[in-house]
Colleague: 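So that we are looking at the same thing, I have put the structure below in structure tokens.
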Amino acid sequence: DVRPENGASSIVQKASEQKNNIEDRVALIEGQLTRLRFDDEKPNNLTRLGSELNRSQEEPLELTQLPESTYSLLITESMFTKAYTFGIVTALLSMTCLAMTLIYSFDQGDDSNPWGLPVGVDKRVRGAQFLGVIVGVFMEDEIPQGLELIASGFAHNFSLDDGSTLIYKRVIFSSVLRLVIGYMFLLSLFINVVQNSDVISVFYDILALQFVESLDDVAYALGKRGFFGETIRKSTSIQHSLTAVGDRGLSSIQRVFGLARFAYFLNLVIMIAGLSAITVQSDAGAYGCSTLSVNFPELMWDEAYIVDENGATDRNPRPLMFSFFNGHYKRDGQLVNGYPRYVEMNKNSGEPYSETVPAEFVYCKDDVNSWVFRHPRIRTAPPGFPEKENECNWLMRSEETSEHDLLKVAKEEWMVWTDKITFDFEMDLSCNECWSMGDCNYHGVCSDETRQCECKDQLFFGSRCQYEWPCDSLMARESLGKMMRADSLVDESFLRVYNRPVYVKGGMSGVPTAFLGASAGKNMSDIFFEQESLLENYSLVVWFAGSRWLGALVRPNMKLTDKFSDEYHAFWSDALKFGHIFLVSATNTDGDPGTVPFFTMNNRDIRSQRLKITLDAGDLSSVWYVARQGGGMFGTLEPVMGDRDLGLFLCLRKEQTKLMQEHFNRSEFLDWSPSTSNPADKVKGNYTFLP
């Protein structure tokens, strides 16, 4: 018993369902074809639109369907609706992310390098940066879409396929928003690309920024799936097309679209030109510190092999004190293996040497791939054995690195050559450039031209104006004997050695312990002064030699300007052969020796001597020895002031010297030099001077 009415109803229902399924599939295929059409035409939108301008301006011109983007919702939806607000929030989210990226990128810089660019990169990284810029510009799609709509808006009025006509302002607003986010993307892309110093990071940043810019597409796709509610799902499920109707009265429509295309490709030209300019400036040293202040560790190599002007190696090696090479090193613009070179500057003026061959920091690729400190005239192997020389003849060497910034490498562990490799010490490097008065310790002004501090005259000195003007004289703390500062013969300054003053006491006779005080006599060996002829007439000179103040006895007719010339260098000027050195200070960086502890050199045992130096002191000839006992190259060092942690000298400035004269009521005080074993006998009463 068949019920035909029920069967017919079932058949009709099934047919209806099949029809709906077919319609859904057709709609889906049409949607896919529409998206493929849009995607295929996207790179050529400007060209297509320009060609269609030849059509009659009276005929409606249908543009491509609006892309599936939240920016389209700003055109199709009315203000203050959920879908419109959804589009605004998505755009603000992209802008916020890009703004945070820009803020962070700019915070990587400082006064000397506002964009935080690397000092230099190798050719592979530079090539990746150029490719990254090109890829990033072509991946960016907001700017071409915005330019397309704005250019069309100059020539036509707009209408939607649903009949809406009052949308011109919506189109312009949506397009401008696209342009803002697009150019924020390009700026973020450019800065992040040029700040990177490795290939992988370049392309990682491009992908990350591209994702941030495409948040509108991601949000639209999620909204279409119903993640943000039914209202937004319906708004994103409807595809609208934009139609240009009527003429806005512009006579040169082709020119408008030409300008739009020109603006699009101009982005690529500007970014490539900017990256090219950065490359040139980077090679010229614009993004790194150009002047470094270097303090080497106080290590000694007993037998350094020296090459003369003709290239021949001296067969008599000499001791090398690394601290003698302390001072300023300046980038000279020359690249070595693609890395900058820093050259040693004059120890007194900070300018390049005119005669002395300077040391240098360069990058060595000979199987070490490291920054090295070397000198063209110092070899690490005896003559005739070039195969035993260190790579690039390095005297100091960093760990293996590809870093272009020497300041960053200085913080790592270095190796020193002392006829063997000494490991694990840090190089003390700092940038010697200023950008504000604070960099000059507020004791001077920073020159905008040279980036060097100009200190207040007669008040402060030093590369950072960090030192008070040096003492006019030094007074021995115990004996009240006084040494005068050697002033310059060409200006109102003072004679400088390593940018420090020189102090002299002339007309001396007898053992110098009488001048220095009783404590010095207790801690000084008389063996050093066993030559009686030395004690008849001499001068005492105190000067700075890189890391210590040295005190030596010299013949009275010696001209200091001859010894401490403009080209003075403690190593090449044989600082240890200047007179008879018997005073050595503690290591320090002070501007004068006013508060520095001093030591006497003892235990120079001839039988255990490691180095013998013959001195030529004019009419006097003597030999002194450097023993490797306790005090290193200076023998055993005994503190002049004993267990008291006091400096040997007191610093006297002009006003203090005048006060001393009035206090003792002795006009001859400035020229007084004790000659008795008890200097206190020369003083009226029992006075103790405390500055």
Side-chain angles (χ1 to χ4, degrees), residues 43 94-110 112-144 179-218 264-289 335 337-340 363 365 369-371 399-409 411-412:
S94 294
M95 293 178 66
T96 302
C97 293
L98 292 173
M100 292 178 66
T101 302
L102 287 171
I103 292 172
Y104 177 80
S105 299
F106 283 117
D107 282 346
Q108 303 307 303
D110 52 30
S112 61
N113 189 0
W115 283 24
L117 303 182
V119 174
V121 295
D122 60 32
K123 295 180 180 179
R124 294 170 297 179
V125 176
R126 191 66 78 191
Q129 289 177 341
F130 276 98
L131 288 176
V133 166
I134 295 172
V135 170
V137 171
F138 284 111
M139 286 177 63
E140 202 286 318
D141 62 350
E142 305 298 351
I143 293 178
L179 292 179
V180 170
I181 293 179
Y183 279 108
M184 288 182 68
F185 165 79
L186 290 182
L187 181 58
S188 299
L189 171 74
F190 182 79
I191 295 177
N192 280 271
V193 164
V194 298
Q195 283 182 340
N196 281 313
S197 57
D198 63 271
V199 175
I200 298 297
S201 296
V202 170
F203 294 107
Y204 276 166
D205 283 352
I206 294 174
L207 292 176
L209 291 171
Q210 177 61 29
F211 171 76
V212 170
E213 192 203 26
S214 63
L215 285 178
D216 60 302
D217 300 329
V218 176
Y264 173 68
F265 290 105
L266 183 63
N267 297 331
L268 179 61
V269 174
I270 291 175
M271 294 183 72
I272 291 179
L275 186 54
S276 300
I278 288 175
T279 302
V280 173
Q281 291 180 334
S282 177
D283 292 341
Y287 305 116
C289 183
L335 297 179
N337 296 319
Y339 287 70
Y363 186 82
K365 284 191 174 181
N369 296 320
S370 304
W371 280 92
E399 294 180 337
E400 186 171 342
T401 182
S402 60
E403 176 60 56
H404 282 67
D405 191 350
L406 182 56
L407 283 174
K408 293 182 179 179
V409 179
K411 300 177 182 178
E412 302 173 358

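Keep in mind that the numbers below use all heavy atoms, side chains included, and drop hydrogens, waters and symmetry copies. We number each residue from 1, following the sequence as shown.
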Colleague: Could you give me the CA-CA distance, side-chain angles and deciding distance for Glu142 and Asp216, then say whether side-chain contact (heavy atoms from CB on, under 4.5 Å) is met?
Modeller: CA-CA 10 Å; Glu142 305 298 351; Asp216 60 302; 3.3 Å; yes
Colleague: Let's go through Val119 and Lys408 carefully: what are the C-alpha distance in whole Å and the side-chain angles of both, what is the deciding distance for side-chain contact (heavy atoms from CB on, under 4.5 Å) to 0.1 Å, and is it a yes or a no?
Modeller: CA-CA 10 Å; Val119 174; Lys408 293 182 179 179; over 6 Å; no
Colleague: Search all heavy atoms of Ser188 against all heavy atoms of Leu98 and return the closest pair with its distance.
Modeller: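 So the two residues come closest at OG-O, 3.7 Å.
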Colleague: Look only at the side chain of Ser197 and the backbone of Gly120, and say whether a donor-acceptor pair between them is shorter than 3.5 Å.
Modeller: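 Pair absent, no side-chain N/O of Ser197 close to backbone of Gly120.
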Colleague: Using side chain to side chain donor-acceptor pair (under 3.5 Å) as the criterion, list what pairs up with Asn196, not counting sequence neighbours.
Modeller: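 Here the qualifying residues are Asp205.
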Colleague: Could you give the distance from CZ (Phe138) to OH (Tyr264), rounded to the nearest 0.5 Å?
Modeller: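 Reported value, rounded in 0.5 Å steps: 5.5 Å.
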Colleague: Quick one: side-chain contact (heavy atoms from CB on, under 4.5 Å) partners of Lys411, sequence neighbours excluded?
Modeller: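 Partners of Lys411 by the side-chain contact (heavy atoms from CB on, under 4.5 Å) criterion come out as none, since no residue qualifies.
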Colleague: Identify the two heavy atoms, one from Gln195 and one from Pro118, that lie closest to each other, and give their separation to 0.1 Å.
Modeller: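 Closest pair (atom of Gln195, atom of Pro118, distance): O-CD, 3.7 Å.
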Colleague: Please walk me through it: do Val409 and Asp405 pass side-chain contact (heavy atoms from CB on, under 4.5 Å)?
Modeller: CA-CA 7 Å; Val409 179; Asp405 191 350; over 6 Å; no
Colleague: Ser201: which residues meet the side chain to side chain donor-acceptor pair (under 3.5 Å) condition with it, sequence neighbours left out?
Modeller: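 Asp198.
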Colleague: Under the side chain to side chain donor-acceptor pair (under 3.5 Å) rule, collect the residues that match up with Asn113, sequence neighbours excluded.
Modeller: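 Expected list: none.
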Colleague: So, taking the atom named OG in Ser214 and the one named CD1 in Ile181, what distance separates them when rounded to the nearest 0.5 Å?
Modeller: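 If we round to the nearest 0.5 Å, Ser214:OG and Ile181:CD1 are 11.5 Å apart.
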Colleague: I need the minimum non-hydrogen distance between Asp283 and Leu335, along with the two atoms involved.
Modeller: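 Smallest heavy-atom distance, with atoms named: O-CD2, 3.9 Å.
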Colleague: Can you tell me if Ser282 uses its side chain to pair, donor with acceptor, with the backbone of Ile278 under 3.5 Å?
Modeller: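 Flag not set: sc Ser282 to bb Ile278 has no pair under 3.5 Å.
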Colleague: Quick one: list whatever passes salt bridge (Lys or Arg N to Asp or Glu O under 4.0 Å) with Glu213, sequence neighbours left out.
Modeller: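 Not a single residue meets the salt bridge (Lys or Arg N to Asp or Glu O under 4.0 Å) criterion with Glu213.
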Colleague: Got a second to check how far Glu403's CD is from Ser370's OG, nearest 0.5 Å?
Modeller: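 It is 13.0 Å, given to the nearest 0.5 Å.
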Colleague: Set out, in order, the CA-CA distance, both residues' side-chain angles and the distance that settles side-chain contact (heavy atoms from CB on, under 4.5 Å) for Gln210 and Phe185, then state yes or no.
Modeller: CA-CA 8 Å; Gln210 177 61 29; Phe185 165 79; 3.6 Å; yes
Colleague: For the residue pair Glu140 and Pro144, what are the closest heavy atoms and their distance?
Modeller: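 Nearest heavy atoms, Glu140 then Pro144: OE1-CD, 3.5 Å.
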Colleague: Between Asn369 (side chain only) and Thr401 (backbone N and O only), is there a donor and an acceptor less than 3.5 Å apart?
Modeller: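 No, because the side chain of Asn369 does not come within donor-acceptor range (under 3.5 Å) of the backbone of Thr401.
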Colleague: Return each pair, listed once, that meets side-chain hydrogen bond (donor to acceptor under 3.5 Å, both in side chains) where at least one residue sits in residues 94-108; pairs must be two or more places apart or across chains.
Modeller: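 Those involving residues 94-108 are Ser105-Asn192.
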Colleague: State whether the side chain of Gln129 and the backbone N or O of Val193 hold a donor-acceptor pair below 3.5 Å, judged by distance alone.
Modeller: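 Confirmed, Gln129 side chain pairs with Val193 backbone.
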Colleague: Holding to side-chain contact (heavy atoms from CB on, under 4.5 Å), I want the full list of residues that pass it with Leu187, two or more places apart in sequence or in another chain.
Modeller: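 Checked Leu187 against side-chain contact (heavy atoms from CB on, under 4.5 Å); matches are Leu102, Ile191.
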Colleague: Restricting to non-hydrogen atoms, name the atom on Leu186 and the atom on Gly136 that form the minimum distance, rounded to 0.1 Å.
Modeller: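 Heavy-atom minimum between the residues: CD2-O, 4.5 Å.
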Colleague: If I take atom CZ from residue Phe265 and atom CD1 from residue Ile270, how far apart are they, to the nearest 0.5 angstrom?
Modeller: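 Output value for this atom pair is 14.0 Å.
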Colleague: Can you run down the salt bridge (Lys or Arg N to Asp or Glu O under 4.0 Å) pairs that involve residues 121-135, sequence neighbours left out, and say none if there aren't any?
Modeller: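 Of all non-adjacent pairs touching residues 121-135, those that pass salt bridge (Lys or Arg N to Asp or Glu O under 4.0 Å) are Asp122-Arg124.
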Colleague: What distance do Ile272 atom CD1 and Thr279 atom OG1 have between them, rounded to the nearest 0.5 Å?
Modeller: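 If we round to the nearest 0.5 Å, Ile272:CD1 and Thr279:OG1 are 11.5 Å apart.
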Colleague: Using a 3.5 Å distance criterion without hydrogens, assess whether the side chain of Tyr287 forms a donor-acceptor pair with backbone atoms of Trp115.
Modeller: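 Judged by distance alone, no pair lies under 3.5 Å.
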Colleague: Go through the structure and list residues passing side chain to side chain donor-acceptor pair (under 3.5 Å) with Tyr339, not counting sequence neighbours.
Modeller: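 Scan of Tyr339 (side chain to side chain donor-acceptor pair (under 3.5 Å), adjacent residues dropped) gives none.
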Colleague: Calculate, to the nearest 0.5 Å, the distance between atoms CZ and CG belonging to Phe211 and Asp217 respectively.
Modeller: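 Between atom CZ of Phe211 and atom CG of Asp217 there are 11.0 Å.
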Colleague: Partners of Leu207 by side-chain contact (heavy atoms from CB on, under 4.5 Å), sequence neighbours excluded?
Modeller: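 Once residues adjacent in sequence are excluded, Leu207 has no partner under the side-chain contact (heavy atoms from CB on, under 4.5 Å) criterion.
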